[in-house]
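Taking it in order: structure first as structure tokens, then the write-up.
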Amino acid sequence: MSSKPQDETLNRRSFLRAGGLAVAGIASANAARAETAKPDPLITEEQNWHKYLGDGVDKYPYGMPSKFEKGVIRKNVPWLTAETTSSINFTPLHQQDGIITPSGLCFERHHSGMAEIDPASHRLMINGMVEKPLVFTMDDLKRMPRINRVYFLECAANSGMEWRGAQLNGCQFTHGMIHNVMYAGVSLKTLLNEAGLKPNAKWLMLEGADASGLNRSLPLEKALDDVMIAFGMNGEALRPEQGYPLRAVIPGWQGNMWVKWLRRIEVGDQPWETREETSKYTDLLADGTARRHTFVMDAKSVITNPSPQAPLKFKGRNVLSGFAWSGRGTVKRVDVTLDGGKNWQTARIEGPILEKSMVQFYLDFDWTGQEMLIQSRAMDSTSYVQPTKADLRKVRGVNSIYHNNGIQTWLVKANGEAENVEIS
Ligand code: MTE
């Protein structure tokens, strides 16, 4: 019995048309007053949901967000790439609150589309300079000592379109090549210990099972430090988009190294110099030389509200929100300016502060309707301070794509709308 009543007289809207529930109750005693009372213009739905039974517990074996949240989605920028199979979409950071990115909103970057792999026939091989080459099934991996960790993954190309000036209108597009997820898996050190490293082992090569066969070299020191081989994210299995059934988690280092659909780890004594670490993911400098092996993602932050996709709606009390992260440790402090850098206030970091994880920051402020130039600036546990874009360009020029962690500016106009700008 879950049919919704069609009778207009039964729904709350008809009460509202008559001037609201309380007024309707005294209508006969004070008809004139009831006539003049206005319905709330923001109430557009029939408010009859207490008049019928809702859906049963068998409706959604796997739950979905409310239909009213249908605008909270990943988006791509169609002109960025020729094909969607070798492309990227972006996390809607302006709609994320709290440090965990919901699995269905994690940005995706595939070089040859999303592989769909049956975990029963998936294997992980460890070979090369090891005492005992090994092949693991998924069941083998799930019987090894397990760890749980929260880390951000940022693509080195995040903010890459902004090197030559303000370009894309929305933090989803300027900063949304990032997600922050709780992983479950095993430490790579555990697997390497099982295989036994030969004395001259120094580098590893991680290889994916997708059509791109994406492969990257990883220094052994990092592999033995905090690298994870993950099969779980946010309490369930990895999503296909994120490398189901197995991916590498390389905390604090550029996203390209987090090989998805991981099938092989080869141990060697030097880097492999693959495509992804020579012609791509190197940083072209003004003098024409390129920096390579720039693995770490330095401290960075962005204000997500207000921002071009999240304008200010009200004067008076408001909450400014944003995210900050550092690949070198924890975020120690985030400062915010509302006047283009003349005055800075320290924002409130809310929620967990974890190694190589995003933090959420807030600044409660009153808006009188004045134009604002808003920026955030992160400082990490090594006391590194996020640079201005101008300072970054002095060192790097404008030919780079990768590792743009410059301070972002939004212009908030008197009508509350925000725009991507730069302060010269
Ligand atoms: N691994 C494989 N096998 N194939 C890929 O295309 N893309 C890489 C990396 N791992 C990729 C991959 C890049 S460039 C990035 S930024 C991250 O995965 C993106 O991870 P995500 O899709 O979970 O956001």
message: For Thr174, is there any backbone N or O sitting under 3.5 Å from a side-chain donor or acceptor partner on Ser159?
response: yes
task: First locate atom CG of Asn180, then atom NZ of Lys356, and finally report the distance between them rounded to the nearest 0.5 Å.
output: 13.5 Å
Gln95 vs Gln309 side-chain heavy atoms within contact, under 4.5 Å: no
field: Closest non-hydrogen atom pair between Leu191 and Ile126, with its separation
entry: CB-CD1, 3.8 Å
task: Apply the side-chain contact (heavy atoms from CB on, under 4.5 Å) test between Gln408 and each candidate in Val421, Asn420, Ile303; give the one that qualifies.
output: Asn420
task: Please check if any side-chain donor atom of Thr368 sits under 3.5 Å from a side-chain acceptor atom of Gln370, or the reverse.
output: yes
message: Using the side chain to side chain donor-acceptor pair (under 3.5 Å) criterion, which residues pair with Ser86? Sequence neighbours excluded.
response: none
query: Can you check whether Asn405 reaches Met297 side chain to side chain, under 4.5 Å on heavy atoms?
result: no
- prompt: Under 3.5 Å, side chain of Ser87 to main-chain N/O of Thr84, donor-acceptor pair present?
  reply: no
query: If you look at every heavy atom in Ser301 and Arg377, which pair is closest and at what distance?
result: OG-N, 3.7 Å
field: By salt bridge (Lys or Arg N to Asp or Glu O under 4.0 Å) - contacts of Glu355 (at least two apart)
entry: none
field: ring-ring contact (aromatic ring centres under 6.0 Å, His included) pairs, two or more places apart, involving residues 402-424
entry: Tyr281-Tyr402
task: Return the set of residues passing salt bridge (Lys or Arg N to Asp or Glu O under 4.0 Å) with Arg275 (not counting sequence neighbours), or none when no residue passes.
output: none
query: Donor-acceptor pair, Asn48 side chain versus Lys51 backbone, under 3.5 Å?
result: no
Listed partners of Lys332 passing salt bridge (Lys or Arg N to Asp or Glu O under 4.0 Å), at least two apart: none
Residues forming a side chain to side chain donor-acceptor pair (under 3.5 Å) with Ser400, sequence neighbours excluded: Arg396
query: Closest heavy-atom contact between Trp261 and Gly113?
result: CH2-O, 3.8 Å
statement: So ring-ring contact (aromatic ring centres under 6.0 Å, His included) across residues 216-255, not counting sequence neighbours, yields Trp253-Phe295
statement: Applying salt bridge (Lys or Arg N to Asp or Glu O under 4.0 Å) to Asp366 and not counting sequence neighbours gives none
query: Quick one: ring pair (Phe, Tyr, Trp, His ring centres under 6.0 Å) partners of His122, sequence neighbours excluded?
result: none
query: Glu350 side chain to Gln360 main-chain N or O, any donor-acceptor pair under 3.5 Å?
result: no
- request: Decide side chain to side chain contact (heavy atoms under 4.5 Å, CB included) for Val249 and Arg149; before the verdict, give the C-alpha distance in whole Å, the side-chain angles of both, and the deciding distance to 0.1 Å.
  value: CA-CA 10 Å; Val249 170; Arg149 302 277 189 280; over 6 Å; no
task: Please lay out, stage by stage, how Leu204 and Val227 fare under the test side chain to side chain contact (heavy atoms under 4.5 Å, CB included).
output: CA-CA 12 Å; Leu204 271 54; Val227 172; over 6 Å; no
- prompt: Just wondering, do Gln375 and Val336 contact through their side chains at under 4.5 Å, heavy atoms?
  reply: no
message: Less than 3.5 Å apart, any donor N or O on the side chain of Asn404 or Glu162 sitting next to an acceptor on the other?
response: no
- request: Output, in order, the C-alpha distance, side-chain angles, deciding distance and verdict of salt bridge (charged side-chain N to carboxylate O under 4.0 Å, His left out) for Glu277 and Arg216.
  value: CA-CA 7 Å; Glu277 53 211 31; Arg216 280 296 303 251; 3.2 Å; yes
Check: Ala299 main-chain N/O paired with Gln386 side-chain donor or acceptor under 3.5 Å: no
- request: Go through the steps to decide whether Lys142 and Asp139 satisfy the test salt bridge (charged side-chain N to carboxylate O under 4.0 Å, His left out), and finish with yes or no.
  value: CA-CA 5 Å; Lys142 288 182 178 171; Asp139 285 339; 6.0 Å; no
message: Has Ser381 got a side-chain atom pairing as donor or acceptor with Thr330's backbone, closer than 3.5 angstrom?
response: yes
message: Please evaluate residues Met161 and Leu80 with respect to the criterion side chain to side chain contact (heavy atoms under 4.5 Å, CB included), reporting the C-alpha separation (whole Å), side-chain torsions for both, the decisive distance (0.1 Å), and the verdict.
response: CA-CA 10 Å; Met161 282 80 80; Leu80 263 185; 3.9 Å; yes
query: Is there a donor-acceptor contact under 3.5 Å linking the side chains of Thr409 and Glu422?
result: no
field: Nearest atoms (heavy-atom pairs only) where Lys222 meets Leu218
entry: CG-CD1, 4.0 Å
message: For the CD atom of Glu276 and the CD atom of Gln254, what is their distance to the nearest 0.5 Å?
response: 9.5 Å
- request: Please report the closest heavy-atom contact between Thr91 and Gln96, naming both atoms and the distance.
  value: CG2-OE1, 4.1 Å
task: Applying side chain to side chain contact (heavy atoms under 4.5 Å, CB included), run through Thr337 and Lys342 and close with a yes or a no.
output: CA-CA 7 Å; Thr337 178; Lys342 292 191 193 85; 5.7 Å; no
query: Is there a side-chain contact between Arg328 and Asp298 (heavy atoms, below 4.5 Å)?
result: yes
field: Met182 side chain near Asn234 side chain, heavy-atom distance below 4.5 Å
entry: yes
Residue list, ring pair (Phe, Tyr, Trp, His ring centres under 6.0 Å) with His94, at least two apart or on another chain: none
message: Can you pull out every ring-ring contact (aromatic ring centres under 6.0 Å, His included) where at least one residue sits in residues 329-367? Sequence neighbours excluded, please.
response: none
- prompt: For the residue pair Phe152 and Trp325, does the interplanar ring angle fall in the parallel (under 30°), tilted (30 to 60°) or perpendicular (over 60°) class?
  reply: tilted
field: Arg146 (side chain) donor-acceptor with Arg143 (main chain) under 3.5 angstrom
entry: no
- prompt: About how many Å separate CD of Glu236 and OG of Ser103, when rounded to the nearest 0.5 Å?
  reply: 5.0 Å
message: Which heavy atom of Ser326 sits nearest to which heavy atom of Val331, and what is that distance?
response: N-CG2, 4.1 Å
- prompt: Got Phe107 and Cys155 here, is their nearest side-chain heavy-atom distance under 4.5 Å?
  reply: yes
query: Going by heavy atoms in the side chains, are Val150 and Pro352 under 4.5 Å from each other?
result: no
- prompt: Can you check whether Met372 reaches Leu312 side chain to side chain, under 4.5 Å on heavy atoms?
  reply: yes
- prompt: Which residue pairs pass the salt bridge (charged side-chain N to carboxylate O under 4.0 Å, His left out) test with at least one member in residues 103-115, sequence neighbours excluded?
  reply: Arg74-Glu108
query: Between Gln345 and Leu363, is there a donor-acceptor pair closer than 3.5 Å when you use the side chain of the first and the backbone of the second?
result: no
